Chemist: 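Following this message is one structure expressed as structure tokens.
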Protein chains: 2
Amino acid sequence: MQAKIQDVQPICAVDYAFRRIGGKYKGRLLWYLHNHQVLRYGELRRSIVDITPKMLTQTLRELEEDGLIHREVYHEVPPKVEYRLTTVGQELVPFIEHLRDWGMQQMRKENIPMIGDTNCITND
Amino acid sequence: MQAKIQDVQPICAVDYAFRRIGGKYKGRLLWYLHNHQVLRYGELRRSIVDITPKMLTQTLRELEEDGLIHREVYHEVPPKVEYRLTTVGQELVPFIEHLRDWGMQQMRKENIPMIGDTNCITND
DNA sequence: CAGCATCCCTTCCGATACTG
DNA sequence: CAGTATCGGAAGGGATGCTG
């Protein structure tokens, strides 16, 4: 498992920030959560098309421990768990949004095809 | 070596953008280049305090191949190589700046110490 | 000065099977 | 439904030594 943010002393603020949102799935996860407000585990699994249960759980736990998302468990049968952004997590949305705009522009310029859809949103 | 951007079909724009600036050193490298305009190999090695020559070269090559930085070789003895951001690379500066501001604010709030200095700039 | 080459280890990640 | 457990491979990264 990845080293926790708190356990590695950052070199500087850029280093620190990049480690909090780095990794293969964190960006998309935050972005999808922003777009849907609340998502259940299974919905996330379908949104992040190429993710395995293991990586989804792992990434969710890291983001939760890091204070960027909130996890709400409903003790029902069948079980139900909802995820949403925390206030701190929401602060990152403008950044991801701009980065996504830039990415879209680049992909159009270079004629790069993508697997999902243009605005990264999956409607289930 | 890391897979090239062009060789992996992105899921969506967020995925694509994150892969272009992901990695342990890319963010800081771009940020330092922005702050100094032009930096030589040795200057970069001193700026990125914890980097090894191998990783510095590797990261520089990836960014160059990806069109975010420009590499200028002066055929002198001793040799001299300068690096600077390309136009596309400069487009990323506002994002990194935003992310850095957020990181600084978070570190202050959580009282997280850092190894380098506050604004991530090393004066050699 | 600005690197390349080699070895090796750790971390990340995927595949598959199973559970309260 | 929302996960866990285990295995194994691939990628990322460090240490050291050498070179045009």
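Owing to the predicted nature of the structure, the values given are computational and were not obtained by experimental measurement. By convention in this document, chain letters (A, B, ...) are assigned in the order of the sequence lines, proteins followed by strands, and residues within each chain are numbered from 1.
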Chemist: Base, sugar-phosphate, or nothing: which does Tyr25(B) touch, judged by heavy atoms less than 4.0 Å apart?
Modeler: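 Sugar-phosphate only.
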
Chemist: Can you measure from OG1 (Thr59(B)) to CD (Glu64(B)) and round to the nearest 0.5 angstrom?
Modeler: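 Going from OG1 on Thr59(B) over to CD on Glu64(B), the span is 12.5 Å.
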
Chemist: Looking only at heavy atoms, what is the nearest atom pair of Pro10(A) and Pro113(B), with distance?
Modeler: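 Nearest pair, atom of Pro10(A) first, then Pro113(B): CD-O, 3.5 Å.
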
Chemist: Taking 4.0 Å as the cut-off, does a side-chain nitrogen or oxygen of Arg40(A) come that near to OP1 or OP2 on dC1(D)?
Modeler: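 So the side-chain polar atoms of Arg40(A) never come under 4.0 Å of the phosphate oxygens OP1 or OP2 of dC1(D).
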
Chemist: Rounded to the nearest 0.5 Å, how far does CG of Leu85(A) lie from OH of Tyr32(A)?
Modeler: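 So the gap between those two atoms works out to 14.0 Å.
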
Chemist: Relative to each other, are the rings of His98(A) and Phe95(B) parallel, tilted or perpendicular (30° and 60° limits)?
Modeler: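 His98(A) and Phe95(B): parallel rings.
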
Chemist: Does Tyr41(B) have a side-chain nitrogen or oxygen under 4.0 Å from the phosphate oxygens OP1 or OP2 of dC4(C)?
Modeler: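 Answer no for this pair, as no side-chain N or O of Tyr41(B) is under 4.0 Å from OP1 or OP2.
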
Chemist: Which heavy atom in Pro79(A) sits nearest to a heavy atom in Arg40(A), and how many Å separate them?
Modeler: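 Reported closest heavy-atom pair: O-NH2, 3.5 Å.
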
Chemist: Starting at CD of Glu82(A) and ending at P of dA2(D), how long is that distance when rounded to a whole Å?
Modeler: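 Rounding to the nearest Å, CD of Glu82(A) and P of dA2(D) are 9 Å apart.
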
Chemist: Rounded to the nearest Å, what distance is computed from the CD atom of residue Gln58(A) to the P atom of nucleotide dT6(D)?
Modeler: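 About 15 Å, once rounded to whole Å.
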
Chemist: Quick one: Ile51(A) CD1 to dA2(D) P, roughly how many Å, whole number?
Modeler: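 Rounded to whole Å, this separation is 15 Å.
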
Chemist: Would you state whether a donor and an acceptor, one from the side chain of Lys54(B) and one from the base of dG14(D), lie under 3.5 Å apart?
Modeler: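 Answer is yes: a donor-acceptor pair is held.
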
Chemist: Indicate whether OP1 or OP2 belonging to dC4(C) is found under 4.0 Å from a side-chain N or O atom of Arg61(B).
Modeler: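 Checking Arg61(B) against dC4(C): at least one side-chain N or O falls below 4.0 Å of OP1 or OP2.
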
Chemist: Does OP1 or OP2 of dG3(D) have a side-chain N or O of Arg71(A) closer than 4.0 Å?
Modeler: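 Result: yes.
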
Chemist: Applying a 4.0 Å non-hydrogen cut-off, can you work out what Tyr83(B) is touching in the nucleic acid: base, sugar-phosphate, or nothing?
Modeler: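 Contact class for Tyr83(B): sugar-phosphate only.
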
Chemist: So which nucleotide from dA15(C), dG3(C), dG3(D) ends up closest to the side chain of Pro53(A)?
Modeler: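 Per side-chain heavy atoms of Pro53(A), the pick is dG3(D).
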
Chemist: Take atom CE of Met55(A) and atom C1' of dA15(C), then tell me their distance rounded to the nearest Å.
Modeler: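 Interatomic distance, CE of Met55(A) to C1' of dA15(C): 13 Å.
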
Chemist: How long is the line joining CD of Glu72(A) and C1' of dC1(D), in whole Å?
Modeler: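 So the two atoms are 16 Å apart, to the nearest Å.
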
Chemist: I need the CG-C1' distance between Leu39(A) and dG3(D), as an integer number of Å.
Modeler: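 So the CG-C1' distance, Leu39(A) to dG3(D), works out to 17 Å.
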
Chemist: Round to a whole Å and report the spacing from CG of Leu60(B) to C1' of dC1(C).
Modeler: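 Nearest whole value for this atom pair: 14 Å.
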
Chemist: Between atom NZ in Lys24(B) and atom P in dG12(D), what is the gap in whole Å?
Modeler: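 After rounding, the gap between these two atoms is 13 Å.
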
